[in-house]
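What follows is a set of notes on a single structure, which appears directly below.
Since the structure is predicted, the reported quantities are computational estimates derived from the model, not experimental observations. Just so you know, residue 1 is the first one in the sequence shown, and it goes up from there.
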Amino acid sequence: MDDAPMVGLMGRVTGTVGPGLVGEVIVRVRGGAEHFLAYPADGTGRIERGAVVMVVEYLPPRTVYVEAMYAS
């Protein structure tokens, strides 16, 4: 897996992201779409399935910290 820039990419939550949960997001990267384990960037927020998020931190190979793009 190459070092494609991940921070700033948008994705969609496929498994609820929140404190005490290991969420999941799908992000378009490297010419396709890939799933990543996801945690809330602020450590406290809950982001429901289907929400659009932005990657704010990437921990290779498959973990991202995200924040919601739109208020719910």
Side-chain angles (χ1 to χ4, degrees):
M1 186 178 297
D2 60 41
D3 282 338
M6 292 288 298
V7 174
L9 294 180
M10 291 180 32
R12 185 165 303 273
V13 175
T14 55
T16 302
V17 175
L21 302 173
V22 179
E24 183 183 64
V25 297
I26 188 166
V27 178
R28 290 193 179 275
V29 64
R30 293 182 276 274
E34 299 181 21
H35 288 266
F36 293 86
L37 299 176
Y39 297 93
D42 67 5
T44 61
R46 184 176 175 98
I47 308 170
E48 298 297 330
R49 191 170 165 221
V52 176
V53 294
M54 182 174 62
V55 175
V56 297
E57 187 175 351
Y58 171 57
L59 301 175
R62 310 291 307 159
T63 303
V64 293
Y65 285 81
V66 297
E67 62 184 26
M69 289 298 299
Y70 308 105
S72 51

For a side chain to side chain contact (heavy atoms under 4.5 Å, CB included) check, start with the C-alpha distance between Val64 and Tyr39, then their side-chain angles and the critical distance, and finish with the verdict. CA-CA 7 Å; Val64 293; Tyr39 297 93; over 6 Å; no

Is there a path of hydrophobic side-chain contacts, each under 4.5 Å between heavy atoms of I/L/V/M/F/W/Y residues, joining Leu37 to Met54? yes

For residues Ile47 and Ala51, report the shortest heavy-atom separation together with the two atoms involved. CG2-CB, 3.5 Å

Considering non-hydrogen atoms only, spot the tightest contact between Val56 and Ala41 and give its length. CG2-CB, 3.3 Å

Heavy-atom pair with the smallest gap, counting every atom of Ala38 and Val25: CB-CG1, 3.7 Å

Tell me whether Met6 is reachable from Ile26 by hopping between hydrophobic residues (I, L, V, M, F, W, Y) whose side-chain heavy atoms are closer than 4.5 Å. no

Could you work out, with salt bridge (charged side-chain N to carboxylate O under 4.0 Å, His left out) as the rule, every residue matching Glu48, not counting sequence neighbours? Arg46

Side-chain contact, heavy-atom cut-off 4.5 Å: Val17 with Val66? yes

Out of curiosity, does Val22 fall in the hydrophobic cluster containing Tyr65 (side-chain heavy atoms, cut-off under 4.5 Å, transitive links)? yes

Rounded to the nearest 0.5 Å, what separation is found between the CZ atom of Arg49 and the CD atom of Glu24? 10.0 Å

Do Tyr58 and Leu9 come close enough that some side-chain heavy atom pair is under 4.5 Å? no

Heavy-atom closest pair (Pro19 atom, Pro40 atom, distance to 0.1 Å) is N-CG, 4.2 Å

Of all the heavy-atom pairs spanning Thr63 and Phe36, show the shortest one and how long it is. N-CD2, 4.3 Å

Gap separating the CZ atom of Arg12 from the CE atom of Met69, nearest 0.5 angstrom: 11.5 Å

